[in-house]
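Every chain is numbered from 1 and lettered A, B, ... according to where its sequence line falls, protein lines coming before strand lines.
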Amino acid sequence: MIKIASWNINSVRLRMPIVERFLKEQAPDVLSLQEIKTVEELFPYDAFNALGYTHHAVHGQKGYHGVATVSRIPLKEISRHNWQDNGEARHVGVELLGAGQGMVLENVYIPAGGDIPDREQNVKFGQKLDFLERMTRWADTVDRPTMIVGDFNIAPLESDVWGHKQLLKVVSHTPLEVETLKRFQDAHGFVDVGRQHIRDPERYYSWWSYRSKDWRVNDRGRRLDHMWASPELAAATVGHQVFEDCRGWEKPSDHVPLVTEIDL
DNA sequence: ATGGCTCATGCTATGAGA
């Protein structure tokens with residue numbers, strides 16, 4: 001059994017107290033983080049080592065973005081895809097050497113895409129779509145059991161957002177983004193493990209804006225974070241949880257962690 | 001109610017997030 005977690009942490013250095021609490025309480029074998037917002041030299045390696053997470057693959061950047069995967073089981077970094085095509089640190093891929101016959105874990109932070117859902121008026125929206133197109137070409141070449149996790153910045157289903165009609169023209173839930181994400185999914189046949197276990201139309205969110213006065217009462221959430229897997233790997237998953245309580249912890253991230261358990 | 005807040009940088013304001 002292997003337990004894998006994914007969390008957009010919105011500054012790993014500021015968030016170490018709640019990361020440590022989560023690791024102690026849930027004890028995943030592997031944790032993929034997005035938006036670490038630091039260079040590799042300043043990553044808090046010692047704090048992770050002290051909790052037994054002694055294997056690391058860190059792709060950092062000063063101030064923005066950045067991803068890292070830390071693990072209690074051996075891993076080997078195998079890739080840092082430049083899907084943004086401008087050098088931003090938004091991906092790190094590892095092979096988990098201690099997981100059954102071995103599996104690949106891809107950790108990705110897809111760009112948010114700015115405000116206006118039109119690539120003619122908003123360069124960032126075009127970059128987001130282009131990022132997904134590059135991911136799709138990569139997915140077509142995936143030929144071994146792979147899990148891809150992270151902040152996809154797209155909530156594809158109606159039950160993934162607090163208000164479907166209200167958000168149809170809001171970046172993260174536009175039909176164009178949902179279609180583009182679907183092409184990526186179909187290029188390999190990735191299974192949406194979150195929705196395999198928490199079935200549509202059950203409410204499932206992973207992000208709540210900092211601007212809401214009371215995120216739990218207003219509950220204007222979106223499912224921006226995902227854990228997807230190759231069909232054979234998805235068939236071996238035995239559990240999936242979303243830890244909404246972490247949104248209410250001291251100095252929280254605006255995203256909450258997801259966990260998938262796989263019987264390998 | 002597309003921003004009501006929160007980050008990093010470090011210019012005690014600005015850009016970015018989604």
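Using a 4.0 Å cut-off between charged side-chain N and carboxylate O, Asp29(A) and Arg72(A) make a salt bridge. In this structure, Arg216(A) pairs ionically with Asp245(A), as a charged nitrogen and a carboxylate oxygen lie closer than 4.0 Å.
Whole-Å rounding puts the Ile18(A) CD1 to dT6(B) C1' distance at 13 Å. Atoms CH2 (Trp208(A)) and P (dT6(B)) sit 17 Å apart, rounded to a whole Å. The distance between atom CG of Leu168(A) and atom C1' of dT2(B), rounded to the nearest whole Å, is 15 Å. For the pair Gln166(A) CD and dA1(B) P, the computed distance is 10 Å after rounding to whole Å. We find that CZ of Arg220(A) is positioned 12 Å from C1' of dT2(B), with the value rounded to whole Å. Remark: P of dT2(B) and NE2 of His173(A) are 15 Å apart, rounded to the nearest angstrom. We find that NZ of Lys213(A) is positioned 13 Å from P of dA1(B), with the value rounded to whole Å. Note: NZ (Lys165(A)) to P (dT2(B)) measures 18 Å, nearest angstrom.
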Between the protein and nucleotides 15-18 of chain B, list the N/O to N/O atom pairs that are separated by less than 3.5 angstrom.
| residue | atom | partner | partner atom | Å |
| --- | --- | --- | --- | --- |
| dG17(B) | OP2 | Lys124(A) | NZ | 3.3 |
| dG17(B) | O6 | Arg211(A) | NH2 | 2.5 |
| dG17(B) | N1 | Arg211(A) | NH2 | 3.4 |
| dA18(B) | OP1 | Glu35(A) | OE2 | 3.2 |
| dA18(B) | OP1 | His255(A) | NE2 | 3.3 |
| dA18(B) | OP2 | Tyr109(A) | OH | 3.0 |
| dA18(B) | OP2 | Asn153(A) | ND2 | 3.1 |
| dA18(B) | O5' | Asn153(A) | OD1 | 3.4 |
| dA18(B) | O3' | Arg222(A) | NH1 | 3.0 |

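dT12(B) and dG17(B) have their P atoms separated by 23 Å, with the value rounded to a whole Å. Going from the P atom of dG10(B) to that of dC5(B) covers 25 Å, rounded to whole Å. Rounded to a whole angstrom, the distance from the P atom of dT14(B) to that of dA1(B) is 28 Å. Taking atom C1' in both dA16(B) and dT2(B), the straight-line distance is 14 Å, to the nearest Å. One P atom belongs to dT9(B), the other to dG3(B), and the distance between them is 28 Å to the nearest Å. For the P atom pair drawn from dA13(B) and dA18(B), the interatomic distance equals 26 Å after rounding to whole Å.
Considering only side-chain N and O atoms, Arg15(A) lies nowhere under 4.0 angstrom from the phosphate OP1 or OP2 of dT6(B).
Between the side chain of Gln185(A) and the main chain of Phe190(A), a donor-acceptor pair closer than 3.5 Å is present. Of the possible polar contacts, none joining the Glu177(A) side chain to the Ile154(A) backbone as a donor-acceptor pair under 3.5 Å is found. The main-chain N or O of Asn10(A) is found under 3.5 Å from a side-chain atom of Asn8(A) such that the two form a donor-acceptor pair.
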(request) Evaluate the criterion salt bridge (Lys or Arg N to Asp or Glu O under 4.0 Å) for residue pair Arg223(A) and Asp200(A); output intermediate values, then yes/no. (result) CA-CA 12 Å; Arg223(A) 184 171 72 113; Asp200(A) 182 35; over 6 Å; no

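Heavy-atom nearest nucleotides on DNA chain B were determined for Ser11(A) and for Leu167(A), and the one closer to the 5' end corresponds to Leu167(A). Each of Thr38(A) and Ser212(A) was matched to the nucleotide of DNA chain B holding its nearest heavy atom; the match closer to the 5' end belongs to Ser212(A).
With dC7(B), dG4(B), dT9(B) as the choices, the nucleotide that has an atom nearest any side-chain atom of Asn218(A) turns out to be dG4(B).
Side-chain contact check for Phe43(A) versus Val70(A): some heavy-atom pair is nearer than 4.5 Å.
Within residues 175-185 of chain A, no residue is approached by DNA chain B to less than 4.0 Å at the level of any non-hydrogen atom.
Partner of Trp215(A) under the ring pair (Phe, Tyr, Trp, His ring centres under 6.0 Å) criterion, chosen from Trp207(A), Trp208(A), Tyr210(A): Trp208(A).
Enclosure of atom CD in Glu25(A) by more than 12 non-hydrogen atoms of other residues, nucleotides or ligands within 6.0 angstrom is indicated.
From Phe131(A), atom CZ reaches atom CD of Gln84(A) across 6.0 Å, with rounding to the nearest 0.5 Å.
In this structure, Lys128(A) reaches neither bases nor backbone, as no heavy-atom distance under 4.0 Å exists between it and the strands shown.
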